[in-house]
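The structure appears right after this line, and notes come after that.
Note that the coordinates shown come from a computational prediction; the quantities given were computed from them, not determined experimentally. Letters go in sequence order (proteins before strands), and every chain restarts at 1.
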Amino acid sequence: AQSVTQLDSQVPVFEEAPVELRCNYSSSVSVYLFWYVQYPNQGLQLLLKYLSGSTLVKGINGFEAEFNKSQTSFHLRKPSVHISDTAEYFCAVRGGTALIFGKGTTLSVSS
Amino acid sequence: NAGVTQTPKFRVLKTGQSMTLLCAQDMNHEYMYWYRQDPGMGLRLIHYSVGEGTTAKGEVPDGYNVSRLKKQNFLLGLESAAPSQTSVYFCASSYEGNEQFFGPGTRLTVL
C-alpha cells in the first residue's frame, strides 16, 4: 500500500528566509504526488501536483517541489517566505481512487 | 460556482445521538470523499464514492455510513455518536481521482 511520511511536524522560520518541507513516499510503479496547504479554520487548497513529465513542479504562491524517484522524495521549497505562508502543509500520494495524506507540517513564519 | 459546500459548519452532539452531514458540489465531479482530521493524524479517509449510487469504505469507516443518491451530493451519517468521533470532517470531490477540491469543513463535538 502507498504511504507518505512528512519528516518534520513543525518548521519555524523567519520572514524572507528559504524553507524546505520534506516528504518521502513509498515506492510504486507510477506515482502521483500532491502538496496541499491548509490555512487556519479553512479547508485544504492544492499547491501543486506531479503526475508526469518535468521533475520540477511549480505551484501557487511561489512554491515549487522536486520529484526525486531515486530518493522517493517530493520536497516542497520556497526561496523566501512571508508571514502569510503560516499554515499547515500536507503531502499526499494517490493510492487507488483516493489520496493518502501525510500527517502534516506546520510552517510558522515570524518577523 | 460555489465549489464544495458542507452543512452544518459546527455541531455539538450528545453520546448516542445521530446526525447527517451534507456535502454538495457543483462541478459535476464523479468522485467524492469524506475525511476526518484529528491533531497530529493528518486526514484519514472514511468513505468515498466513484459515482452516483456507489460507495466504498476507506481507512476508518467504523461508526459511519454514507449515501450518494444524487451525483452532486454525498451524505455522511453517524447513527450513534461517540466521543471518539469528535473531529473536523472534510468533504472533497474530484473529476478523475487526482486533484481534489475540499469543502470548508464541519467541526463536530460529541459530549
Report summary line: OG1 of A/Thr55 to CZ of A/Phe67, rounded to nearest 0.5 Å, is 8.5 Å
Query raised in the report: Under a 4.5 Å heavy-atom cut-off, does chain A meet the side chain of B/Leu45, its backbone, both or neither?
Result: side chain
Query - Heavy-atom pair count under 4.5 Å with chain A, highest-scoring of B/Arg107, B/Gln100, B/Glu59 - result: B/Gln100
Report task. For the pair A/Gln6 (side chain) and A/Tyr89 (backbone), establish whether a donor and an acceptor sit closer than 3.5 Å, ignoring hydrogens and angles. Result -> yes
Query raised in the report: Between A/Arg77 and A/Glu64, is the closest basic N to carboxylate O distance under 4.0 Å?
Result: no
Query - Per-residue contact mode, A/Ile100 against chain B (heavy atom under 4.5 angstrom) - result: neither
Query raised in the report: In terms of heavy-atom proximity below 4.5 Å to chain A, should B/Gln37 be classed as side chain, backbone, both, or neither?
Result: side chain
Query raised in the report: Given the side-chain rings of B/Tyr48 and B/Phe74, with only the six-membered ring counted for Trp, is the space between their centroids under 6.0 Å?
Result: no
**Report entry** Interatomic spacing from CH2 in A/Trp35 to CG in A/Leu47 - rounded to 0.5 Å
**Finding:** 8.5 Å
Query raised in the report: Do the side chain of B/Thr15 and the main chain of B/Leu111 share a donor and acceptor less than 3.5 angstrom apart?
Result: yes
Report task. Measure A/Ser9 against the heavy atoms of chain B and call it side chain, backbone, both or neither at under 4.5 Å. Result -> neither
Query raised in the report: Relative to chain A, which segment of B/Arg44 carries a heavy atom at a distance below 4.5 Å: side chain, backbone, both, or neither?
Result: neither
Query raised in the report: Which bit of A/Glu88 is near chain B, if near means a heavy-atom gap under 4.5 Å: side chain, backbone, both or neither?
Result: side chain
Report task. Sort A/Leu99 into side chain, backbone, both or neither according to what part of it lies under 4.5 angstrom from a heavy atom of chain B. Result -> both
Query raised in the report: Quick one: are the ring centres of B/Phe90 and B/Tyr33 less than 6.0 Å apart?
Result: no
Query raised in the report: Quick one: what part of B/Phe101 sits under 4.5 Å from any heavy atom of chain A, side chain, backbone, both or neither?
Result: neither
